[in-house]
Amino acid sequence: MSDPFELIDEPDGEPVAARGFVPAAPAPPPAWLDKLNPEQRAAVEATEGPVLVLSGAGTGKTRVLVTRVSYILSQRLAKPWQILAVTFTNRAAREMRERVLALVGPVAEAVWLGTFHALSVRILRRHGEVIGLKSNFTILDSDDQLRLLKQVMEVDDIDPKKWPAQGLMGVIQRWKDRGLTPEKVSRETGVDYAGGRAQALYVAYQERLRTLNAADFGDLLLHCLTLFQARPDILGEYQNQFRYVLVDEYQDSNVAQYLWLRLLTQANRNICCVGDDDQSIYSWRGAEVGNILRFEKDYPDATIIKLERNYRSTPTILAAASHLIAHNEARLGKTLRSGHEGNTDPGAPIRVRGVWDGPEEARWIVDEIESLQRSKHDLNQIAILVRAGFQMLEFEERLITTGIPYRVVGGPRFYERMEIRDAIAYLRLINQPEDGLAFERIINTPKRGLGDSTVQKIHQLGRALGVSLVEASLRIIETDELRPQARAALRGFCTDLARWQSLRETTSPGDLAGMVLEECGYIDMWQKDKTAEAPGRLDNLREFVSGLAEWDTLSGFLEHVSLVMENDAANAEDAVTVMTLHSAKGLEFDTVFLPGWEEDIFPNRRSLDENGQKALEEERRLAYVGITRARARVFVSFAANRRVYNQWQSSIPSRFIDELPKNAIQQESEAGLYGNAGGGSGSFDFPGFRDPSRAGSGVRRPTKMIEAESWESKPRTSASSFQVGDRVFHDKFGYGRVEAVDDSKLEIAFDKSGRKKVLDSFVQPA
DNA sequence: TATTTTGGTCTTTTT
DNA sequence: GACCAAAATA
């Protein structure tokens with residue numbers, strides 16, 4: 001790629017002049033600036049001083065960030081490595097990098113661009129010794145964290161039934177999110193966990209991490225803060241280096257990230273934060289909307305720019321989203337309006353459909369996808385967005401049976417599979433012998449006759465001598481502590497490990513991994529395994545090894561794995577996307593399906609129970625995010641019955657459905673289900689559901705639901721023990737009389753709630 | 001030590 | 001109903 005701005009200067013290490021930098025000869029404004037609207041352009045050109053860009057959905061937020069970086073480079077306001085651009089997700093970082101590269105060329109490679117976590121790692125790899133981390137430290141995933149914490153709690157005799165490790169993990173993580181090291185935890189919420197020992201356990205946990213030369217996710221930020229505070233000289237270097245700082249999705253930053261930014265920017269204050277309070281959906285993870293709300297207080301001289309022109313969605317979709325989000329009270333207040341002025345086409349209405357149950361919902365959605373496919377729609381432009389991961393299964397099944405290609409984002413992740421984690425554990429141990437968690441994971445995988453008792457002994461010795469498990473193993477095989485069998489096996493393992501370690505310098509990671517897995521017998525183990533999933537696991541291992549070939553250092557690969565838990569290859573082909581609403585933020589599609597709009601699912605019950613009104617508003621923001629992902633078509637659906645675990649439960653349409661403007665939606669319900677078969681829209685009631693008192697009027701006699709059911713290959717449930725005319729009682733709806741029986745589905749005229757379809761397992765004879 | 005059985009938990013969202 | 005961890009059994 002050409003480089004019109006001649007920016008590939010050799011790095012000079014030290015910035016020429018930290019402040020008052022004026023380009024010798026200002027370059028003419030690049031042509032791509034003209035493609036911006038006035039607000040966007042203002043946000044790009046306001047390079048000096050603090051800037052807050054309040055950017056509604058689809059208003060060109062990423063474009064502003066990308067252009068701003070490019071602008072700073074093209075105007076020679078800074079060298080590439082003097083720009084710090086922070087994103088929230090790896091995907092956002094990748095996209096931003098690609099787009100900046102496209103605008104200004106390969107110089108952009110040198111920009112410090114990445115997630116908070118990735119950038120923190122970069123800093124810690126360099127200066128970690130200050131806070132006691134060697135530069136090859138391991139980053140633990142949540143699995144390892146939990147395992148480690150369990151060990152710590154066990155030492156302290158905490159009853160895992162009473163105080164689950166997961167709970168303490170949450171407490172500690174929230175502390176870390178707020179930038180609290182163990183000493184700083186005082187009267188914070190959560191100290192009374194585990195009978196008031198939470199803080200002591202936090203201390204112990206951090207100590208264990210240190211001896212393992214490891215850090216968890218929260219530590220990456222936290223250690224940076226400690227480092228900056230302990231060594232003003234190092235902080236000063238970074239402050240000097242980063243002349244311009246840009247932050248994406250600022251509304252999702254937590255306290256630790258806020259402090260991180262503040263430390264790095266307090267010298268020259270050229271910070272530009274972009275965010276949207278209406279899309280703040282991570283408070284459960286410690287995000288503080290307060291950060292964006294207090295920006296003006298922190299920087300009284302801040303320039304504030306609002307982006308409200310939406311170029312993504314049809315006016316109908318915008319109207320629906322705006323109407324919905326207007327139900328929230330805590331807002332900075334922005335109004336989205338269409339960026340295409342004079343456009344008279346409002347676009348298709350949002351289709352809202354009620355169905356009988358989950359499988360029916362999946363069937364309807366996939367049918368719609370098929371018909372879109374027939375009319376030549378790009379499958380990549382279609383997404384099914386669910387509230388929670390478990391909802392995805394239903395759609396996957398249906399997509400598989402119909403043969404429509406799909407991909408699941410954020411689903412079962414490649415690197416979390418057991419065999420992959422095992423393989424990684426081998427590599428981790430080779431890379432970093434102190435990694436005791438990796439050691440424990442693989443010491444007896446494949447089986448070497450080194451069971452619990454042996455591991456316990458190694459542990460004991462290790463703790464007594466204060467050395468790593470590998471070191472302890474080496475010592476213990478020189479003694480008679482272990483039985484001859486175990487001793488020989490352990491000796492063999494140690495010898496192998498030493499040999500692999502020595503090969504690390506001379507062998508590529510890919511070759512090394514292949515060799516290790518072969519020699520340790522891991523491949524063999526799965527080949528001997530006759531279970532159904534064994535071949536798949538071998539495939540995964542093969543893919544794993546070949547994927548490794550792209551890396552030239554082992555540590556580089558391991559870092560990638562721990563920061564990017566997804567397998568980002570193999571994503572090109574035409575496929576429908578299935579993912580959670582959370583991971584959909586920042587993306588856009590022509591067509592979006594939003595299933596499961598039912599009370600307790602969406603808004604999520606647990607969330608509401610825990611955080612009440614605040615949570616409801618966050619759920620509503622999530623709905624807003626979902627709708628605004630769509631350019632042209634939105635489909636909302638809800639089912640009258642859901643299977644939860646093994647039980648059927650009847651459900652009520654989500655309150656968010658009522659919050660959509662009636663003139664923007666087209667309501668449709670399954671024949672017989674809501675009494676408006678034949679497609680009359682107009683009224684936005686769902687008789688018999690929302691307003692039981694009116695259920696009687698206009699309810700057409702339900703047609704049989706078997707038609708749909710017969711598609712299922714599942715065996716029929718045995719016929720109901722109820723008969724027409726029986727008096728029954730239902731927990732939710734009270735007393736009633738059975739009007740019709742269809743397998744296990746009953747149609748019942750309830751005395752108080754009108755006529756409903758329910759499953760026989762929910763009623764009892766009255 | 002290895003395998004089977006039981007019992008408990010899961011379904012909120014992720015770097 | 002599926003998955004995991006701990007307990008019981010071979």
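Convention: sequence-line order gives letters A, B, ...; per-chain numbering from 1. Predicted model only: the values in this text are computed from it and were never measured.
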Quiz item: Taking side chain as C-beta onward, heavy atoms only, is A/L168 less than 4.5 Å from A/Y205?
Solution: no

Quiz item: Mind checking whether A/L581 and A/V625 have side chains closer than 4.5 Å, heavy atoms only?
Solution: no

Exercise. Sort out for me which residue in A/W260, A/F88, A/F217 forms a ring pair (Phe, Tyr, Trp, His ring centres under 6.0 Å) with A/H117.
Key: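 Testing each of A/W260, A/F88, A/F217 against A/H117, the sole residue satisfying ring pair (Phe, Tyr, Trp, His ring centres under 6.0 Å) is A/F217.
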
Quiz prompt | Intra- and interstrand pairs of DNA chain B - dot-bracket, Watson-Crick/G-U under 3.5 Å, | marks other strand | solution = ||||||||||.....

Could you go over nucleotides 10-13 of chain B and give all protein N or O partners under 3.5 Å, atom names and distances?
residue	atom	partner	partner atom	Å
B/dT12	OP1	A/R606	NE	2.5
B/dT12	OP1	A/R606	NH1	2.5
B/dT12	OP1	A/R606	NH2	3.0
B/dT12	OP2	A/R606	NE	3.2
B/dT12	O2	A/R387	NH1	3.2
B/dT12	O2	A/R387	NH2	2.3
B/dT13	OP1	A/G389	N	2.5
B/dT13	O2	A/W284	NE1	3.2
B/dT13	O2	A/R387	NH2	2.8
B/dT13	O2	A/H582	NE2	3.4

Self-check item: Donor-acceptor contact below 3.5 Å, side chain A/E599 vs main chain A/R655
Solution: yes

Quiz item: Any donor and acceptor pair, going by atom type alone, linking the side chain of A/R285 with main-chain N or O of A/D177 inside 3.5 Å?
Solution: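 Checking the backbone N and O of A/D177 against the side chain of A/R285, no donor-acceptor pair under 3.5 Å is found.
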
Quiz item: Separation of A/Y250 atom OH from B/dT15 atom P, in whole Å?
Solution: 20 Å

Practice problem: Round to a whole Å and report the spacing from CG of A/L393 to P of C/dC3. | Solution: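 Going from CG in A/L393 over to P in C/dC3 covers 10 Å.
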
Practice problem: List the steps and the verdict of ring pair (Phe, Tyr, Trp, His ring centres under 6.0 Å) for A/F137 and A/H223. | Solution: CA-CA 12 Å; A/F137 67 87; A/H223 285 332; 8.1 Å; no

Exercise. Kindly check if the number of other-residue, nucleotide or ligand heavy atoms within 6.0 Å of CD (A/Q166) is above 12?
Key: no

Quiz item: Got a salt bridge between A/E440 and A/R147, using NZ or NE/NH1/NH2 to carboxylate O under 4.0 Å?
Solution: no

Exercise. Classify every nucleotide of nucleotides 1-9 of chain B by which part a protein heavy atom approaches to under 4.0 Å, writing B for the base, S for the sugar-phosphate alone and - for neither, in 5'-to-3' order.
Key: SSS------

